[in-house]
Amino acid sequence: MTAATKTTPAFSPDQVSVVFVLGGPGAGKGTQCEKLVNDYSFVHLAAGDLLRAEQNREGSEFGELIKNYIKEGLIVPQEITLALLRNAISENVKNNRHKFLIDGFPRKMDQAISFERDIVESKFILFFDCPEDVMLQRLLERGKTSGRSDDNIESIKKRFKTFKDTSMPVIEYFETKSNVVRIRCDKPVDDVYKDVQAAIRDRL
Ligand code: C5P
Ligand code: MG
(Lines give C-alpha, C1' and ligand atoms only; values in the text may rest on other atoms or scores of the structure.)
(Ligands and ions follow the chains in the order given, each with its own letter.)
Protein backbone atom coordinates (compact mmCIF):
# COMPACT_ATOMS: atom_id res chain seq x y z
CA MET A 1 0.00 0.00 0.00
CA THR A 2 1.35 3.42 -0.87
CA ALA A 3 0.92 6.30 1.53
CA ALA A 4 -0.88 8.38 -1.11
CA THR A 5 -3.84 5.98 -1.41
CA LYS A 6 -4.55 5.69 2.32
CA THR A 7 -7.31 8.00 3.55
CA THR A 8 -8.93 8.20 6.95
CA PRO A 9 -12.71 8.46 7.38
CA ALA A 10 -13.98 11.74 8.84
CA PHE A 11 -15.43 9.93 11.87
CA SER A 12 -14.69 6.76 13.78
CA PRO A 13 -17.53 4.26 14.45
CA ASP A 14 -17.17 5.10 18.16
CA GLN A 15 -17.96 8.75 17.45
CA VAL A 16 -20.67 8.26 14.86
CA SER A 17 -22.92 5.24 14.50
CA VAL A 18 -24.52 4.59 11.13
CA VAL A 19 -27.12 1.99 10.20
CA PHE A 20 -27.89 1.81 6.49
CA VAL A 21 -31.56 1.13 5.71
CA LEU A 22 -32.05 -0.53 2.34
CA GLY A 23 -34.85 -2.18 0.40
CA GLY A 24 -36.71 -1.70 -2.86
CA PRO A 25 -38.89 1.33 -3.54
CA GLY A 26 -42.06 1.00 -1.48
CA ALA A 27 -40.61 -1.61 0.90
CA GLY A 28 -41.46 0.62 3.89
CA LYS A 29 -38.03 2.00 4.79
CA GLY A 30 -39.29 5.47 5.66
CA THR A 31 -42.24 4.18 7.70
CA GLN A 32 -40.06 1.87 9.78
CA CYS A 33 -37.43 4.57 10.25
CA GLU A 34 -40.06 6.93 11.67
CA LYS A 35 -41.00 4.31 14.23
CA LEU A 36 -37.38 3.74 15.17
CA VAL A 37 -36.86 7.47 15.61
CA ASN A 38 -39.77 7.55 18.04
CA ASP A 39 -38.38 4.75 20.18
CA TYR A 40 -34.62 5.22 19.94
CA SER A 41 -32.43 8.29 19.68
CA PHE A 42 -31.71 8.04 15.96
CA VAL A 43 -31.44 10.84 13.45
CA HIS A 44 -33.20 9.75 10.25
CA LEU A 45 -31.50 10.89 7.06
CA ALA A 46 -33.21 9.77 3.86
CA ALA A 47 -31.00 10.19 0.80
CA GLY A 48 -34.05 10.66 -1.45
CA ASP A 49 -35.42 13.41 0.83
CA LEU A 50 -32.05 15.19 0.85
CA LEU A 51 -31.94 15.01 -2.95
CA ARG A 52 -35.50 16.34 -3.30
CA ALA A 53 -34.68 19.20 -0.93
CA GLU A 54 -31.56 20.03 -2.96
CA GLN A 55 -33.60 19.84 -6.16
CA ASN A 56 -35.99 22.44 -4.75
CA ARG A 57 -33.36 24.66 -3.19
CA GLU A 58 -33.26 28.03 -4.89
CA GLY A 59 -29.97 28.51 -6.73
CA SER A 60 -28.95 24.85 -6.64
CA GLU A 61 -26.72 24.03 -9.59
CA PHE A 62 -27.90 20.42 -9.42
CA GLY A 63 -31.67 20.96 -9.35
CA GLU A 64 -32.35 20.06 -12.96
CA LEU A 65 -30.02 17.06 -12.95
CA ILE A 66 -31.57 15.62 -9.78
CA LYS A 67 -35.06 16.10 -11.18
CA ASN A 68 -34.22 14.12 -14.30
CA TYR A 69 -32.48 11.29 -12.46
CA ILE A 70 -35.36 10.88 -10.01
CA LYS A 71 -38.00 10.82 -12.74
CA GLU A 72 -35.97 8.17 -14.60
CA GLY A 73 -35.37 6.15 -11.43
CA LEU A 74 -31.60 6.45 -11.90
CA ILE A 75 -28.95 6.87 -9.23
CA VAL A 76 -27.76 10.47 -8.95
CA PRO A 77 -23.95 10.75 -9.26
CA GLN A 78 -22.48 9.88 -5.89
CA GLU A 79 -20.59 13.16 -5.36
CA ILE A 80 -23.88 15.03 -4.92
CA THR A 81 -25.48 12.57 -2.51
CA LEU A 82 -22.30 12.07 -0.49
CA ALA A 83 -21.87 15.83 -0.04
CA LEU A 84 -25.48 16.19 1.16
CA LEU A 85 -25.08 13.32 3.62
CA ARG A 86 -21.72 14.51 4.87
CA ASN A 87 -23.15 17.99 5.56
CA ALA A 88 -26.21 16.58 7.32
CA ILE A 89 -24.11 14.28 9.49
CA SER A 90 -21.66 17.06 10.39
CA GLU A 91 -24.47 19.44 11.36
CA ASN A 92 -25.99 16.82 13.65
CA VAL A 93 -22.66 15.91 15.20
CA LYS A 94 -22.13 19.60 16.03
CA ASN A 95 -25.43 19.39 17.92
CA ASN A 96 -24.31 16.27 19.75
CA ARG A 97 -26.39 13.82 17.76
CA HIS A 98 -24.34 10.78 16.81
CA LYS A 99 -26.68 7.94 15.85
CA PHE A 100 -27.97 7.82 12.30
CA LEU A 101 -30.37 5.79 10.22
CA ILE A 102 -29.36 6.43 6.63
CA ASP A 103 -32.34 5.46 4.53
CA GLY A 104 -32.07 4.67 0.81
CA PHE A 105 -28.30 4.75 0.75
CA PRO A 106 -25.96 3.30 -0.50
CA ARG A 107 -27.91 2.42 -3.62
CA LYS A 108 -24.83 1.74 -5.76
CA MET A 109 -21.49 0.10 -5.01
CA ASP A 110 -19.43 3.25 -5.51
CA GLN A 111 -21.52 5.01 -2.83
CA ALA A 112 -20.95 2.18 -0.36
CA ILE A 113 -17.20 2.21 -0.85
CA SER A 114 -16.82 6.00 -0.80
CA PHE A 115 -19.01 6.53 2.24
CA GLU A 116 -17.18 3.98 4.36
CA ARG A 117 -13.78 5.19 3.16
CA ASP A 118 -14.42 8.92 3.59
CA ILE A 119 -17.15 9.38 6.19
CA VAL A 120 -17.57 6.44 8.57
CA GLU A 121 -17.89 2.69 8.53
CA SER A 122 -21.48 1.46 8.97
CA LYS A 123 -22.57 -0.66 11.93
CA PHE A 124 -24.91 -2.91 9.96
CA ILE A 125 -27.52 -2.89 7.20
CA LEU A 126 -31.21 -3.18 7.81
CA PHE A 127 -32.62 -4.71 4.64
CA PHE A 128 -36.36 -4.68 4.03
CA ASP A 129 -37.07 -7.59 1.75
CA CYS A 130 -40.39 -7.19 -0.01
CA PRO A 131 -42.03 -8.84 -3.05
CA GLU A 132 -42.33 -6.56 -6.03
CA ASP A 133 -46.13 -6.84 -6.31
CA VAL A 134 -46.51 -5.59 -2.72
CA MET A 135 -44.15 -2.69 -3.37
CA LEU A 136 -45.99 -1.82 -6.57
CA GLN A 137 -49.37 -1.63 -4.82
CA ARG A 138 -47.93 0.54 -2.04
CA LEU A 139 -46.27 2.95 -4.46
CA LEU A 140 -49.38 3.31 -6.59
CA GLU A 141 -51.42 3.97 -3.46
CA ARG A 142 -48.85 6.49 -2.22
CA GLY A 143 -48.80 8.11 -5.65
CA LYS A 144 -52.43 9.22 -5.21
CA THR A 145 -51.30 11.77 -2.62
CA SER A 146 -47.48 11.93 -2.53
CA GLY A 147 -47.06 14.43 -5.34
CA ARG A 148 -43.83 12.60 -6.20
CA SER A 149 -42.78 12.70 -9.83
CA ASP A 150 -41.67 9.04 -9.63
CA ASP A 151 -44.73 7.39 -8.01
CA ASN A 152 -46.26 6.53 -11.40
CA ILE A 153 -46.15 3.24 -13.25
CA GLU A 154 -43.50 4.27 -15.81
CA SER A 155 -41.06 5.56 -13.19
CA ILE A 156 -41.83 2.71 -10.79
CA LYS A 157 -40.81 0.12 -13.40
CA LYS A 158 -37.53 1.96 -13.94
CA ARG A 159 -36.93 2.16 -10.17
CA PHE A 160 -37.48 -1.60 -9.83
CA LYS A 161 -34.98 -2.24 -12.59
CA THR A 162 -32.40 0.04 -10.97
CA PHE A 163 -32.97 -1.67 -7.64
CA LYS A 164 -32.33 -5.12 -9.12
CA ASP A 165 -29.40 -4.18 -11.34
CA THR A 166 -27.63 -1.58 -9.23
CA SER A 167 -28.75 -1.72 -5.59
CA MET A 168 -29.06 -5.46 -4.93
CA PRO A 169 -25.29 -5.90 -5.50
CA VAL A 170 -24.73 -3.53 -2.56
CA ILE A 171 -26.78 -5.76 -0.29
CA GLU A 172 -24.95 -8.83 -1.58
CA TYR A 173 -21.64 -7.11 -0.87
CA PHE A 174 -22.58 -6.43 2.76
CA GLU A 175 -23.90 -9.98 3.04
CA THR A 176 -20.40 -11.27 2.31
CA LYS A 177 -19.34 -9.34 5.42
CA SER A 178 -22.26 -10.78 7.44
CA ASN A 179 -23.48 -7.27 8.02
CA VAL A 180 -27.09 -7.58 6.85
CA VAL A 181 -30.17 -7.84 9.05
CA ARG A 182 -32.89 -9.02 6.67
CA ILE A 183 -36.52 -8.26 7.51
CA ARG A 184 -39.48 -9.57 5.51
CA CYS A 185 -41.97 -6.80 5.12
CA ASP A 186 -44.98 -8.12 3.23
CA LYS A 187 -47.08 -7.85 6.40
CA PRO A 188 -48.68 -5.14 8.53
CA VAL A 189 -46.45 -2.26 9.59
CA ASP A 190 -46.57 -3.08 13.31
CA ASP A 191 -45.68 -6.73 12.73
CA VAL A 192 -42.71 -5.71 10.62
CA TYR A 193 -41.65 -3.30 13.34
CA LYS A 194 -41.71 -6.02 15.99
CA ASP A 195 -39.33 -8.05 13.82
CA VAL A 196 -37.11 -4.99 13.42
CA GLN A 197 -36.93 -4.41 17.15
CA ALA A 198 -36.15 -8.05 17.85
CA ALA A 199 -33.49 -8.16 15.15
CA ILE A 200 -31.63 -5.03 16.17
CA ARG A 201 -31.86 -5.51 19.95
CA ASP A 202 -28.48 -7.22 20.13
CA ARG A 203 -26.82 -4.98 17.59
CA LEU A 204 -27.33 -1.56 19.14
O1 C5P B 1 -35.36 6.66 -1.51
P2 C5P B 1 -36.28 7.36 -2.46
O3 C5P B 1 -37.31 6.44 -3.05
O4 C5P B 1 -36.88 8.59 -1.86
O5 C5P B 1 -35.36 7.84 -3.67
C6 C5P B 1 -35.94 8.51 -4.76
C7 C5P B 1 -34.93 8.64 -5.88
O8 C5P B 1 -33.82 9.43 -5.46
C9 C5P B 1 -34.32 7.35 -6.38
O10 C5P B 1 -35.17 6.63 -7.26
C11 C5P B 1 -33.08 7.90 -7.10
O12 C5P B 1 -33.41 8.49 -8.33
C13 C5P B 1 -32.65 9.01 -6.13
N14 C5P B 1 -31.66 8.49 -5.17
C15 C5P B 1 -30.33 8.37 -5.59
N16 C5P B 1 -29.37 7.88 -4.74
C17 C5P B 1 -29.71 7.49 -3.49
C18 C5P B 1 -31.05 7.62 -3.02
C19 C5P B 1 -32.01 8.12 -3.91
O20 C5P B 1 -30.01 8.69 -6.73
N21 C5P B 1 -28.77 7.00 -2.66
MG1 MG C 1 -38.37 6.81 1.44
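Order of appearance sets the numbers: ligands from 1, and atoms from 1 within every ligand. All values below were derived from every heavy atom in this structure, side-chain atoms included, with hydrogens, water molecules and symmetry-related copies excluded. Numbering of residues begins at 1 and proceeds along the displayed sequence.
- With respect to the salt-bridge test (charged N to carboxylate O, under 4.0 angstrom), the residues Asp129 and Arg184 do not qualify.
- Among residues two or more places apart in sequence or in another chain, the salt bridge (Lys or Arg N to Asp or Glu O under 4.0 Å) test is passed with Glu72 by Lys158.
- To the nearest 0.5 Å, atom CG of residue Asp186 and atom CD of residue Gln137 are 13.5 Å apart.
- Note on residues 111-152: pairs passing ring pair (Phe, Tyr, Trp, His ring centres under 6.0 Å), not counting sequence neighbours, are Phe20-Phe115, Phe105-Phe115.
- Ser60 places no side-chain N or O within 3.5 Å of a backbone atom of Gln55 that could act as its donor or acceptor partner.
- Closer than 4.0 angstrom to ligand 1 sit non-hydrogen atoms from Ala47, Gly48, Leu51, Arg52, Tyr69, Ile70, Leu74, Ile75, Val76, Gly104, Phe105, Arg107, Gln111, Arg148, Asp150, Arg159.
- Annotation: side chain to side chain donor-acceptor pair (under 3.5 Å) contacts of Arg142 (sequence neighbours excluded): Asp151.
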